[in-house]
Amino acid sequence: MPLHTRILIGLVVGVVGGSLSRVLFGDHPLLQSVTTYVTEPVGRLFLRLIFMVVIPLLFSALALGVAGLGDMRTLGRIGLKTFTYSLVVTGISVVIGLTLVNLFRPGAHLTPETRASLQQSMTTPAPPPPAASTENPVLRVMMMIVPDNPIRAAAQGEMLAVMFFSLMVGIGIAMSPRAKVEPFIQVLEGLYEVVMRLIEIAMRMAPYAVAALLFTLTARFGASVMKPLLAYMAVVIGGLALHLLVTYSVIVRYCGMHPGFFFRQINEVMTTAFSTSSSNATLPTALRVAQEKLGIPRDIASFVLTLGSTANQNGTALFEGVTILFLAQFYGVDLTFGSQVLVVVVSVLAGIGTAGVPGGSLPLMVPILQSVGIPGEGIGIILGVDRILDMSRTVLNVTGDVTAAVYVAHSEGRLPPTPETEA
Ligand code: ASP
């Protein structure tokens with residue numbers, strides 16, 4: 001049985017078991033012992049196994065992600081265009097997500113008492129968000145992002161600073177003579193591989209851990225604590241749909257292509273992305289369709305789509321942004337406007353650092369949550385429903401890559417005319 005099905009079963013077992021126990025036993029000491037000594041430790045162990053590899057993962061994924069963009073000096077016009085386009089459009093997708101989540105507040109449907117006890121029961125207290133100070137907020141954020149000592153930043157869980165350091169290492173690699181830094185790249189690739197295997201091992205525990213985490217949650221607070229989860233899923237899917245139908249339509253329209261024609265031609269790409277949940281696995285289909293059905297020149301298609309499959313992940317960025325805010329609402333962590341701007345930045349970065357594989361964004365989720373002061377254990381809540389969201393965001397990731405290729409081809413004056421109608 002595929003892992004995601006088992007995790008979903010874990011979710012159902014945990015929620016049903018926990019809610020029933022709550023109804024049957026209430027605050028009986030026996031149930032309290034079960035949650036304190038059995039289910040909670042199982043969930044926490046799983047989370048700690050993931051936390052354990054967060055720093056090496058972040059470092060290797062981001063450094064390799066940027067280094068993989070190629071030599072900055074020779075990347076040239078097309079590279080720069082693709083990268084800028086990607087940053088802007090990913091930014092738009094995150095803003096759409098954040099607007100929806102602020103509007104509908106899916107995580108806020110909890111009684112104040114439940115939230116208060118939730119806060120008390122946080123098992124992994126997150127580092128407090130930066131204290132308000134009289135210093136200029138822009139300056140403060142800049143100082144938070146640039147570490148004076150990367151090791152100390154890592155030890156103190158200052159994820160933004162670690163991200164910045166990793167990005168700079170990636171840029172340094174890209175600017176160095178390849179022969180000299182090749183061994184270092186191999187070390188990073190090795191580290192990344194090892195981390196992936198460790199996450200795989202931890203993920204084998206996931207069905208049980210999700211069951212345990214949700215049992216603990218519902219046994220303590222009752223089934224109503226789960227309602228926000230459905231609202232959250234609706235917001236993610238709504239945001240993705242909006243970005244897909246509005247933003248992409250406007251962009252292809254700007255490039256002189258009828259949106260109906262565009263979506264009809266790339267239908268196959270979207271269904272492949274949905275069924276595989278992987279941008280990498282969809283790359284061959286995307287390459288073929290972009291050239292054969294949209295007439296994008298081969299050099300542009302292969303460059304933009306390959307780069308995009310890892311570095312241009314609009315759907316993933318939107319998902320990360322919504323998830324951070326949802327969990328902040330859920331745990332009652334107040335995110336100021338300044339912190340929300342940070343959320344946009346880290347979500348866009350996550351779009352660059354996420355591997356185009358099923359569930360690729362989950363490992364990065366934990367450090368990102370912690371960077372804005374939300375307990376990393378929140379990941380346990382969303383893990384159970386992630387597969388369906390993963391399938392949906394991957395559609396956006398890949399459609400976003402094809403849209404980028406259309407844009408770049410158009411801006412280079414190399415997009416062949418297409419029918420003015422949907423046909
Ligand atoms: N599954 C996504 C992709 O391949 C990555 C993720 O967001 O998990 O594009």
Side-chain angles (χ1 to χ4, degrees), residues 2-5 7-8 50 53-54 57-58 61-62 64-65 68 86 89-90 93-94 96-97 192 195-196 199-200 202-203 206 232-233 235-237 239-241 243-244 248 266 268-287 289-290 304-324 326-327 343 346-369 378-379 381-405:
L3 183 62
H4 57 88
T5 315
I7 296 182
L8 190 65
I50 297 206
V53 292
V54 152
L57 170 75
L58 201 64
L62 274 179
L64 285 172
S86 169
V89 179
T90 311
S93 77
V94 180
I96 292 181
Y192 182 77
V195 168
M196 284 298 152
I199 291 178
E200 254 171 51
M203 286 307 281
Y232 154 75
M233 290 172 71
V235 168
V236 173
I237 293 177
L240 293 174
H243 191 62
L244 184 85
Y248 294 157
I266 67 159
E268 190 187 342
V269 178
M270 292 167 64
T271 43
T272 312
F274 189 72
S275 48
T276 59
S277 271
S278 163
S279 302
N280 290 358
T282 314
L283 185 58
T285 316
L287 278 170
V289 169
V304 178
L305 294 179
T306 314
L307 186 64
S309 70
T310 40
N312 178 39
Q313 302 205 339
N314 304 168
T316 295
L318 187 150
F319 158 80
E320 305 252 1
V322 172
T323 306
I324 297 171
F326 162 70
L327 288 174
V343 172
V346 288
S347 302
V348 172
L349 284 180
I352 300 177
T354 296
V357 297
S361 50
L362 290 176
L364 279 182
M365 204 69 228
V366 174
I368 288 178
L369 287 175
I379 190 100
I381 298 175
I382 55 164
L383 213 51
V385 295
D386 185 60
R387 181 64 180 196
I388 179 77
L389 300 181
D390 192 7
M391 294 164 83
S392 316
R393 66 184 179 252
T394 307
V395 172
L396 232 77
N397 289 346
V398 180
T399 309
D401 298 340
V402 182
T403 313

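Note that ligands are numbered from 1 as they come in the structure, with each ligand's atoms numbered from 1 the same way.
The distance from ligand 1 to the heavy atoms of Gly360 drops below 4.0 Å at these ligand atoms: 6 (C), 8 (O). Close contacts of ligand 1 with Ser278, meaning ligand atoms under 4.0 Å from a residue heavy atom, involve 4 (O). Per-residue contacts place Gly356 under 4.0 angstrom from the following atoms of ligand 1 (heavy atoms of the residue considered): 3 (C), 4 (O).
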* To do: Would you sort out whether Asn312 and Ser86 count as a side chain to side chain donor-acceptor pair (under 3.5 Å), showing the intermediate values?
  => CA-CA 6 Å; Asn312 178 39; Ser86 169; 3.1 Å; yes

* May I have the step-by-step check of side chain to side chain donor-acceptor pair (under 3.5 Å) for Arg393 and Ser361, ending in yes or no? => CA-CA 10 Å; Arg393 66 184 179 252; Ser361 50; 3.0 Å; yes

* Please step through side-chain contact (heavy atoms from CB on, under 4.5 Å) for the pair Thr323 and Met365, ending with a clear verdict. => CA-CA 9 Å; Thr323 306; Met365 204 69 228; 3.6 Å; yes

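The shortest N/O to N/O separation between Asn397 and ligand 1 falls below 3.5 Å. Here's the thing with Thr316: one of its N/O atoms is less than 3.5 angstrom from an N/O atom of ligand 1.
Scanning the protein for heavy atoms near atom 1 (N) of ligand 1, the closest one is Asp390 OD1, 2.7 Å. Nearest to atom 2 (C) of ligand 1 among the protein's heavy atoms is Thr394 OG1, 3.4 Å.
Contacts of Ser361 with ligand 1, taken as heavy-atom pairs under 4.0 Å, involve both backbone and side chain. Counting heavy atoms closer than 4.0 Å to ligand 1, residue Val357 contributes backbone atoms (N, CA, C, O) but none from C-beta onward.
Shortest non-hydrogen contact noted between Val346 and Ile324 is CG2-CD1, 4.4 Å. When all heavy atoms are compared, the tightest approach of Ile379 to Leu362 is CD1-O, 3.8 Å. Closest approach of Val322 and Val235 over heavy atoms only: CG1-CG1, 3.9 Å.
Ranked by closest heavy atom to atom 4 (O) of ligand 1, the top entry among Ala350, Ser279, Gly400 is Ser279.
Between Phe319 and Tyr232, the two ring planes are tilted [angle within 30° to 60°].
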